[in-house]
Amino acid sequence: MRNSITFKKMLLLFCAVATPLFGFSFFLIHRNNAAEESRILSSVQEKTDQTASTLASAIEQLYHTASRMAEQSNLRRLADTGDLMSPYDISRNILLLQEQQTSIKNANQYVDNFIIYYEKFGKAYNSAGDGVPSFFEFSPEDYRILTDAYAAGDFLALYDGSLTGIVVPSSKSGF
């Protein structure tokens, strides 16, 4: 009987010592997990902010480049005097235009296609096609749908499954 009481006392003493140690251990593990989670979230947030900043900078550079290109004379010549130009001059200006578009496309990893739309002709010249000059019919309705999608957005619009931006020349030319 005496062994039984001693055993019970030893068991009670063990529980009295072990319970706080286990509790403190669980507290430290939980606190360490929370600190690690906070470090991971902070790292993810930092990388996200850096990526967003890089993307915003690239988009701003694109808009700046596109608006500088929109002020170039060969684009205005095609829009304003395209009817009066010889076929040779039209071809030369279109090839120059497409070289400029391809340069802009190749200079930025985020650009899939760079299109210049001439409302007067209902055609759009693009940089797609691996350096092969191309154009396609682009109706005023398609252009209106695109501009409406852009007007509804803040900076970029989702059009035909792609993020799209529009740069309108300050000279209010027909492109």
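Here Thr48 contributes atom OG1 and Leu55 contributes atom CG; the two are 12.0 Å apart, rounded to the nearest 0.5 Å. Note that CD of Gln50 and OG of Ser53 are 8.0 Å apart. Values are rounded to the nearest 0.5 Å. If you take CZ on Phe24 and CD1 on Ile29, they are separated by 11.0 Å, rounding to the nearest 0.5 Å. Going from atom CD1 of Ile5 over to atom CG of Leu12 covers 13.0 Å, rounded to the nearest 0.5 Å. For the atom pair NZ of Lys8 and CG of Leu13, the computed distance is 16.0 Å after rounding to the nearest 0.5 Å. Atom OG1 of Thr54 is separated from atom CG of Asp49 by 10.5 Å, given to the nearest 0.5 angstrom.
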Item to check | Step-by-step side-chain contact (heavy atoms from CB on, under 4.5 Å) determination, Leu96 to Glu99 | outcome: CA-CA 5 Å; Leu96 178 61; Glu99 285 175 9; 4.3 Å; yes
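Shown here for Val17 and Pro20, the closest heavy-atom pair between the two residues is O-CD, 3.4 Å.
No donor-acceptor contact under 3.5 angstrom links the side chains of Glu36 and Asn32, judged on distance only.
Proximity of a side-chain donor or acceptor of Ser38 to a complementary backbone N or O of Ala34 within less than 3.5 Å is not detected.
The side-chain contact (heavy atoms from CB on, under 4.5 Å) check on Tyr88 picks up Ser86, Arg92, with sequence neighbours excluded. Not counting sequence neighbours, the partners of Arg31 by the side-chain contact (heavy atoms from CB on, under 4.5 Å) test are Phe27.
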